[in-house]
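Here the structure comes first, spelled out in structure tokens, and everything after it is commentary.
Because only heavy atoms are used, hydrogens play no part in the values below, and waters and symmetry mates are left out as well, while side chains stay in. This structure is a prediction, so every number in the text was calculated from the model and none was measured.
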Amino acid sequence: MRNLQGKRVAALLSGGVDSSVAVALLVEQGIRPDLWYIQIGPERETTDYTCTIEEDLEMARAVAYKYRLPLEVIDLHKDYWEKVVDYTMTQVRQGLTPNPDVMCNRLIKFGVFDERVGKDYDIIATGHYAQTEEDEAGLVWLCTSPDPVKDQTDFLAQLQPWQLQKACFPIGHLPKAEVRAIAEREHLSAAHRKDSQGICFLGKINYNDYIRKFLGEKPGQVIDRATGRVLGMHRGLWFHTIGQRKGLGFGGGPWFVVEKDMERNILWVVNGYEPADSYADHFCAAAPHWLTVNPFEKAEECCHQQDGQHPALSMSLKIRHTPDFTDATVTQLPDGRLDIRTAHPLQGVAPGQFCVLYDVQHHRCYGSGEIRLS
């Protein structure tokens with residue numbers, strides 16, 4: 001963990017075991033952070049939201065009481081809905097696959113929170129499974145956790161460089177089992193609490209139900225790409241994502257979603273356990289966002305290239321939250337997009353998802369870009 005002596009630290013508590021242990025480790029290092037609980041969630045009249053908030057706050061208050069640390073609640077509900085939920089619904093309406101948790105980290109936890117109170121702190125500490133390291137030039141890099149299943153660098157790959165410099169992840173060097181063990185040793189209330197699942201603003205609410213509330217339904221045909229046969233009707237393309245297999249409701253499967261034709265409102269599917277049409281080994285990433293340095297500019301400097309052509313670089317990547325990395329060759333195109341060719345085809349490459357890029361050792365995270373198929 002970074003040397004935080006003499007730094008003013010704000011620690012974000014969620015009520016879960018990870019952020020609770022993060023605070024315990026800070027205290028163990030002699031750091032006395034101010035604790036903050038960020039209040040976000042669905043609409044206030046939603047019962048599940050209220051219950052979740054009360055339970056989370058109870059756990060957070062227990063941590064504050066145990067270590068005699070100040071805890072404050074900051075209500076960022078409105079900001080979350082104006083920024084993250086609006087982003088999510090706009091992407092879904094366009095037929096894309098958004099990742100609201102990625103944008104929550106950039107826009108809320110390290111964004112609006114910093115604008116309101118974080119600006120008064122040197123460090124913002126969270127319970128993410130990720131690490132930071134400083135190189136010989138003084139540059140700060142986002143690095144993966146040794147626990148590949150829990151690694152959350154993909155959720156942090158849209159942070160601004162200045163946000164990364166302020167970030168601290170006290171549990172990032174630990175596997176989940178050890179985090180649980182520390183929680184038990186410290187007798188933390190959240191020691192045996194289940195990990196949260198799904199999108200952060202939904203709580204226990206079904207994602208499709210929420211999409212339906214905002215966008216309604218727009219029925220259209222579901223067509224087998226191989227035969228042109230109409231299999232049935234969908235209720236709205238925004239309820240589906242590329243690569244989806246479950247929940248389609250057609251016999252004779254498995255069926256995989258391979259395309260969403262927004263103009264004609266058609267959901268294209270293919271049949272089989274390993275259908276080639278559900279895989280891709282070549283796609284683009286738009287608006288690449290680099291966390292520390294642009295690796296292509298660095299490569300040009302090293303190679304002393306003067307012709308303006310970006311070299312092809314070997315990298316590894318993720319297109320969704322998974323412990324697995326895929327090797328790829330990445331080239332930056334003249335228009336700024338990234339041309340990505342993977343070592344083997346990937347299932348369910350969906351426009352709108354973030355393609356997160358790493359070095360070939362799967363250690364340093366370079367950044368990410370939004371997937372486009374062309």
Side-chain angles (χ1 to χ4, degrees), residues 12 14 16 18-19 38 40-41 76 79-114 118 124 126-132 141-145 148-164 166-167 169 172 195-203 207 210-211 241-243 283-292 315-326 338 340 346 348-358 364-372:
L12 303 186
S14 67
D18 297 330
S19 60
I38 296 179
I40 56 174
L76 301 183
D79 302 276
Y80 188 93
W81 279 76
E82 288 179 350
K83 296 177 181 291
V84 180
V85 178
D86 180 68
Y87 149 81
T88 302
M89 297 306 165
T90 298
Q91 293 281 90
V92 169
R93 185 182 287 111
Q94 294 173 359
L96 303 174
T97 300
N99 192 320
D101 289 338
V102 170
M103 301 312 289
C104 180
N105 285 320
R106 173 174 173 165
L107 300 176
I108 303 300
K109 293 179 182 177
F110 292 94
V112 177
F113 175 78
D114 191 82
I124 297 176
T126 70
H128 284 99
Y129 285 85
Q131 303 183 87
T132 58
W141 294 85
L142 177 65
C143 299
T144 53
S145 165
V149 174
K150 298 303 296 182
D151 176 64
Q152 293 175 306
T153 50
D154 51 320
F155 292 136
L156 299 163
Q158 280 281 312
L159 290 185
Q160 299 288 356
W162 67 266
Q163 293 173 321
L164 181 60
K166 288 190 71 168
F169 311 114
D195 292 342
S196 59
Q197 300 291 330
I199 298 170
C200 52
F201 72 83
L202 289 181
Y207 180 66
Y210 229 79
I211 295 296
T241 188
I242 304 299
F283 54 90
C284 291
H289 173 79
W290 306 114
L291 287 162
T292 304
M315 297 186 186
S316 60
L317 60 81
K318 293 183 182 183
I319 61 168
R320 60 177 63 87
H321 187 57
T322 170
D324 301 317
F325 294 84
T326 300
L338 302 179
I340 299 171
L346 299 175
V349 180
Q353 288 176 322
F354 286 108
C355 175
V356 186
L357 299 166
Y358 301 81
R364 286 181 176 177
C365 179
Y366 291 138
S368 60
E370 193 174 296
I371 290 176
R372 292 289 185 266

Report yes or no: does [X] contribute a side-chain atom to a donor-acceptor pair with the main-chain N or O of [Y] at less than 3.5 Å?
| X | Y | value |
| --- | --- | --- |
| Asp151 | Thr144 | no |
| Gln158 | Arg106 | no |
| Lys166 | Gly118 | yes |
| Ser19 | Thr126 | no |

Rounded to the nearest 0.5 Å, what separation is found between the [atom1] atom of [X] and the [atom2] atom of [Y]?
| X | Y | atom1 | atom2 | value |
| --- | --- | --- | --- | --- |
| Asp101 | Phe354 | CG | CZ | 11.0 Å |
| Gln94 | Met89 | CD | CE | 13.5 Å |
| Leu96 | Glu370 | CG | CD | 6.0 Å |

Heavy-atom closest contact (Leu346 atom, Phe283 atom, distance):
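In terms of heavy atoms, the two residues are closest at CD1-CE2, 4.4 Å.
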
Looking at side-chain heavy atoms only, is the closest gap between [X] and [Y] below 4.5 Å?
| X | Y | value |
| --- | --- | --- |
| Ser145 | Gln152 | no |
| Leu159 | Leu291 | yes |
| Phe169 | Leu142 | yes |
| Gln163 | Asp114 | no |

Tell me, please, which residues at least two apart from [X] pass salt bridge (Lys or Arg N to Asp or Glu O under 4.0 Å).
| X | result |
| --- | --- |
| Lys83 | none |
| Asp154 | none |
| Arg364 | Glu133 |

Classify the ring geometry between Trp290 and Tyr366 as parallel (under 30°), tilted (30 to 60°) or perpendicular (over 60°).
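Perpendicular: the ring planes of Trp290 and Tyr366 meet at over 60°.
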
Using the rule given for side-chain contact (heavy atoms from CB on, under 4.5 Å), can you reason through Ile371 versus Ile319, listing the C-alpha separation, both sets of side-chain angles and the distance that settles it, and then say yes or no?
CA-CA 8 Å; Ile371 290 176; Ile319 61 168; 3.9 Å; yes

Residues in side chain to side chain contact (heavy atoms under 4.5 Å, CB included) with Thr241, at least two apart?
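Only Thr97, Gln244, Ala350 meet the side chain to side chain contact (heavy atoms under 4.5 Å, CB included) criterion with Thr241.
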
Got a sec, which residues hit side-chain hydrogen bond (donor to acceptor under 3.5 Å, both in side chains) with Tyr358, two or more places apart in sequence or on another chain?
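So Tyr358 forms a side-chain hydrogen bond (donor to acceptor under 3.5 Å, both in side chains) with Thr153.
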
Residues in side-chain hydrogen bond (donor to acceptor under 3.5 Å, both in side chains) contact with Asn99, at least two apart in sequence or another chain:
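Not a single residue meets the side-chain hydrogen bond (donor to acceptor under 3.5 Å, both in side chains) criterion with Asn99.
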
